[in-house]
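Scroll down for the structure; my scribbles are underneath it.
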Amino acid sequence: MQRESAERAARVGIVGAGQLARMTLQSAIALGVDVHLLATSPDESAARVCANVSLGAPASYEALAALAEACDAVTFDHELVDVGVLRRLEQAGRCIRPSAETMAVAQNKGLQRARFAALGLPVPAFQPVGTARDLVDFGEREGWPVVAKAQRGGYDGRGVWVLADAATARDLAARAIPAGVELLAEAWVPVDRELAVLIARRPGGDAVTYPLVETVQIEGICRELLAPAPVSGAIEAEARRIGLRIADGIGATGILAVELFLAKGRLLINELAARPHNSGHFSIEGCVTSQFENHLRAVLDWPLGSTALRAPSVATVNLIPGPNGWDPLRHLPEALGVEGVSVHLYQKGFRPGRKLGHVTALGDDPAETRARARRAAELLAGPLPPESHQPSAISHQRGAADA
Ligand code: ADP
């Protein structure tokens, strides 16, 4: 006869049910942690595979209160939450990790910049702008082009516009400001490489950093991850130091991903995410402890695992079918024939331009490892843009047209 254990499994609530929650669930299974999800639809990536799913809005107090009631800690798959609701839950004694305070920073690029600068960390020149005049004045002062960003709600380059001159700036301001978009102006950085550093931090401050990773971006969308990033040891150490300073500075709990620019040999901070992040997907096979497992460990205030690489080089390629691409399910068996590549499909409906999964390869030689991952990715989702390390800046036209 089966006997009930006296011990109860730890329970973690996740607000949101996208692929990040789905991959967190895979780590939770290994650790015997129960995950409860707050999803908006039963078709969401993680909701399809989780036993405990509630449907509700991520900004609803009632929905989050019920989740918090059922769980030892509540964490997040995305930032689209109401910080006021999180504060109320904290006041009611609920365990929200990361905290309402950290989520407030994670939600707002303007607030992020202000916090980084207050910590004395390197950021591009920036200024929140309320009028077309502010935006144009910023460009005249700092030089064109200027990068304008929606302070909230942007992702994958949506909500980022490169403005070539005063006329484009006025044009954007005329459309965005009346629509209620709070804008941030930033100096345009001549980026040589985009990088990311991930930190896992426990509530008491214990923290580990992951190996620095290069994030190959095209039109504001991360396409590939290359770890370790091909930069000097000094840059890597500096990136880890910056990551830890930010994690301490904003009191992060769980995974914190910090996106960085390398420009003319110098690091500048772009933005952060206070949750598992696309830039950490290489860690699933590539590191001793994945970002998802360390996120759970940190959120439950358990000891963190080693972040050491399992191979000299790791390459991850996102599966984002282009206009001539196809559903990864079509050639899955062929892709599995590429030796030594791990495939992750998120079970999201096919749409060109949508991130449907990723593949990771481990190897000794960075070029061979990357080529192998790209081969599998091309079988799965169709032709990839040519291999490059050079970030292609968000195009002026697209940025302006998207407003
Ligand atoms: P998102 O939140 O959509 O990821 P980001 O703020 O990370 O937006 O910007 C998307 C991309 O735009 C970056 O990965 C980078 O390629 C480019 N970018 C952003 N800010 C700047 C900047 N100040 N200078 C040059 N390129 C930038």
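Atoms within each ligand, like the ligands themselves, are counted from 1 in listed order.
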- Message: Walk me through whether Arg275 and Glu79 qualify under salt bridge (charged side-chain N to carboxylate O under 4.0 Å, His left out).
- Response: CA-CA 9 Å; Arg275 51 165 169 75; Glu79 289 83 29; 2.7 Å; yes
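For atom 21 (C) of ligand 1, the nearest non-hydrogen atom from the set Trp161, Phe261, Trp188, Phe126 comes from Phe261. For atom 13 (C) of ligand 1, the choice among Gln112, Arg158, Glu219, Glu194 with the nearest heavy atom turns out to be Glu194.
Using a 4.0 Å cut-off to heavy atoms of Glu259, the atoms of ligand 1 that qualify are 7 (O). The ligand atoms of ligand 1 that sit less than 4.0 angstrom from a heavy atom of Asn270 are 5 (P), 6 (O), 7 (O). Within the listing of ligand 1, atoms 1 (P), 3 (O), 4 (O) sit less than 4.0 angstrom from a heavy atom of Asp156. Set against the non-hydrogen atoms of Lys109, the atoms of ligand 1 under 4.0 Å away are 1 (P), 2 (O), 5 (P), 6 (O), 8 (O). Every atom of ligand 1 with a heavy atom of Gly157 under 4.0 Å away is listed here by number and element: 1 (P), 3 (O). Short contacts between ligand 1 and Lys149, defined as distances under 4.0 Å to a heavy atom of the residue, involve ligand atoms 6 (O), 19 (C), 20 (N). Close approach to Val160 involves these atoms of ligand 1, each under 4.0 Å from a residue heavy atom: 8 (O), 9 (O).
The shortest separation from a heavy atom of Gly159 to ligand 1 is not under 4.0 Å, leaving the residue out of contact.
Using a cut-off of 4.0 Å between Lys/Arg side-chain N and Asp/Glu carboxylate O, Glu238 and Arg241 are scored as salt-bridged. Between Glu271 and Arg113 there is no salt bridge, since no side-chain N of the basic residue sits under 4.0 Å from a carboxylate O of the acidic one. A salt bridge between Asp77 and Arg22 is absent, with no side-chain N of the basic residue lying under 4.0 Å from a carboxylate O of the acidic one. At a threshold of 4.0 Å, the pair Asp72-Arg8 counts as salt-bridged, since one of the basic side-chain nitrogens sits closer than that to a carboxylate oxygen.
An N or O contact shorter than 3.5 Å is missing between Gly220 and ligand 1 by distance. Considering backbone and side-chain N/O of Pro124, none are found under 3.5 Å from N/O of ligand 1.
Atom CG in Leu356 sits 7.0 Å away from atom CG in Leu319 (nearest 0.5 Å).
Between Tyr346 and His358, the angle of the ring planes lies from 30° to 60°, which puts this pair in the tilted group.
Residue-environment remark: OH (Tyr61) exceeds the threshold of 12 foreign heavy atoms within 6.0 Å. Under a cut-off of 6.0 angstrom, the local environment of CZ in Arg133 is sparse, with at most 12 non-hydrogen atoms contributed by other residues, nucleotides or ligands.
Only the backbone of Ala187 comes within 4.0 Å of ligand 1, judged by heavy-atom distances.
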